[in-house]
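Proteins come first, then strands; the chains are lettered A, B, ... in the order of their sequence lines, and each starts at number 1.
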2 protein chains.
Amino acid sequence: MNKLKATSFDIAYRAGVSQSTVSRALRNSPQVNEETRKRIQAIAKELNYKVDKNASNLRTRHSGTIALLLFEELDDTESHINPFYLSMLGSITRTCSKEGYDLLVSFQQFSDDWSADYADTNKADGLILLGYGDYLDYEGKLNELVEQGTKFVRWGAVVEGEPWLSIGCDNKNGGYLITRHLLSLGRRTIAFIGGADNHSPELYERYKGYCKAIEEAGYYVDLGLQFDAVTTEIDGAKALERLLASEKKFDAIVCASDLIAIGVIGALQEKGFQVPEDIAVVGFDDLTVARYSKPALTTVQQNTNLAGQMLVYNLLKQIDEAEVETRHIPAKLIVRESCGSKL
Amino acid sequence: MNKLKATSFDIAYRAGVSQSTVSRALRNSPQVNEETRKRIQAIAKELNYKVDKNASNLRTRHSGTIALLLFEELDDTESHINPFYLSMLGSITRTCSKEGYDLLVSFQQFSDDWSADYADTNKADGLILLGYGDYLDYEGKLNELVEQGTKFVRWGAVVEGEPWLSIGCDNKNGGYLITRHLLSLGRRTIAFIGGADNHSPELYERYKGYCKAIEEAGYYVDLGLQFDAVTTEIDGAKALERLLASEKKFDAIVCASDLIAIGVIGALQEKGFQVPEDIAVVGFDDLTVARYSKPALTTVQQNTNLAGQMLVYNLLKQIDEAEVETRHIPAKLIVRESCGSKL
DNA sequence: CTGAAAGCGCTTACAG
DNA sequence: CTGAAAGCGCTTACAG
């Protein structure tokens, strides 16, 4: 059953035409006779012939393929990928296939020398970058990509004046909306758990929105109520310990992500606090678990479907050297139970 | 910044050797002088030279790439992929990269003519197949793949005598374990929600395990207590309606998947039933949500990490024409709240 | 240890 | 509308 694959020469021989004509016919070139084309295509089908992509890609100098690089901070095999990126993957994959592109997926340890292998080796025409560890390190790598002329688009905070294309949620507005919601519910001393500096620009933006809402309501932002955490349950729980140890008073917590919020709620409940009665807790991302957590999480939704599409379309524009623009995805407040709305 | 990419000829020119020698040096051929090799590699690095994969793949006749095809039944863009497959994706991706293979990911509508494009066009050396609609239709496509000599491995029920390689969980044992657990808790009239015929062999196996446990305990299996459902929340809720409408008595439900169980529990609670006090409900898969659902789901865990590895390793063996064997992943009972253990 | 040469299977000017 | 030919950038016998 391991018969050799047919080539365009085989088709040409059977059709009694030249190999060039076969190539044209198969690509539906308008300059080939209707009848001839049909005959050739019929023979191709019969022989189960498919154009060899390696050969055509080599010739045309592009691959019709996009590479998706997912960065993970964790060093180990068991690590779970952030479900947020996973849900984006769905829409990226679908958009690619709609546009006739194939998608290579790869997880990268942040420490890897990932430069741009897929692009450099001509396996992919461009890259989509999701996730990263410390932004300040990451920036350097991004600059290398730009220098090498690699086409790419990344998901993350949209910063003015960057020499690359970023697509991101309107994080600041999201942080603003959800904090304002808490304020409207009568909460007055609101803590923030999540990084709030340039090491994690997305979370920082959310923090800025939080600050804006508080100031707008006529209060002062207490810097002592912000505690760093990366986006994991464990880090959320740890940050809560520090919040508690600080002996500050607070009646609500804005968490910079759902994962953090879930860790915080678990730790809070363990200590005997009622959420949201004693402390309201809200998240960011609207992961699937937000709906199922107990209490169900009030959070900010980022439209991952739209996000995936924009990443792909903008990358393709870039590949085609077309106009491209840095863009925000809207942030949408999703009210459930953990904020205390139903109290 | 759009300088042409360097080729092996450029390197050869600078190193003062032939292009063949460059090619050998870069592939660490032992038959090239140590010093020459180092010099060549240094120049290659300096020029940021990377071997063109299209050219080398064309020459060597293999791509170092595997394609993962994820089948979806739903026809629409918004559809969520079964999270079970998503978690498998993580381990597949990691295993591939550990083995030096790239991974193409693609969602396929079941109706597509997916035959084996990736393999036929030489973009991939083999395929991994996850998910499917109706197994009986699917079988035909699998046979086509075999006929065309395409290398592939699939996740699913392991059936004796199939002409292809399947890796699957020990579904029957899983169904057995969880039903026996319910029995040991004193539940006597246990319904089963999920397909129980050859259209969905995996669920059918789980049903067989359920039957075995019941019979082993000395009871009769009531065929009227089995209700079809595909693996979605909605279908679970609908099947529950039918169960209720049948006016049969029951004190527990074995659901063929977590998604079904979550739909069932939601519908049950809506009607005023207490889970697990009135009715115990258990699932299968151990999705992330199983931990967060309310009550937390007792279920059967399939080791997706191991599953992904086995899929990749077995496919690679097949590509290398090595011995390969159909294999089961063990099923593990995970006891949480929904079975009523803690009552 | 090294080089000249063939060839992997296409696409696409060029000429007719 | 069609064909002969060049060439994409490699790898690998073959010869030395």
Check: Is A/Arg61 salt-bridged to B/Asp52, going by a charged N under 4.0 Å from an acidic O?
Finding: yes

Check: Looking only at side-chain N and O atoms, does B/Arg24 come under 4.0 Å of OP1 or OP2 in D/dT11?
Finding: no

Check: Is any side-chain nitrogen or oxygen of A/Thr21 closer than 4.0 Å to OP1 or OP2 of D/dG3?
Finding: yes

Note to self: Once you apply a heavy-atom cut-off of 4.0 Å, does A/Ser20 come out as touching a base, just sugar-phosphate, or nothing?
What the structure shows: base

Next item on the list: Indicate, with a heavy-atom threshold strictly under 4.0 Å, whether B/Ser23 touches base, sugar-phosphate, or nothing.
Entry: base

Next item on the list: Taking only the side-chain nitrogens and oxygens of B/Thr60, find out if one of them lies under 4.0 Å from OP1 or OP2 of D/dT12.
Entry: no

Check: When the C1' atoms of D/dT12 and D/dG16 are considered, how many whole Å apart are they?
Finding: 16 Å

Item checked: Distance in angstrom units between A/Asn122 CG and D/dG9 C1', rounded -> 9 Å

Item checked: Side-chain heavy-atom pair A/Leu315, A/Asp125 within 4.5 angstrom cut-off -> no

Next item on the list: Could you tell me whether B/Lys53 and A/Asp120 have a side-chain N and a carboxylate O separated by less than 4.0 Å?
Entry: no

Notebook entry, point to check: Is it true that A/Glu34 and A/Arg39 make a salt bridge, defined as a side-chain N closer than 4.0 Å to a carboxylate O?
Noted result: no

Item checked: Base-pairing assignment for D/dA13 (Watson-Crick or G-U wobble, both under 3.5 Å) -> none

Next item on the list: Report the distance from atom CZ of B/Phe9 to atom P of D/dC8, rounded to the nearest whole Å.
Entry: 9 Å

Item checked: Among D/dT2, C/dT11, D/dC10, the one nearest B/Asp52 by side-chain distance -> D/dC10

Notebook entry, point to check: Does the side chain of B/Arg59 get closer than 4.0 angstrom to OP1 or OP2 of C/dG9 through an N or O atom?
Noted result: no

Checklist line | Rounded distance (Å) that lies between atom C1' of C/dG7 and atom CG of A/Asn54 | finding: 15 Å

Item checked: Complementary nucleotide of C/dA4, counting Watson-Crick and G-U pairs under 3.5 Å -> none

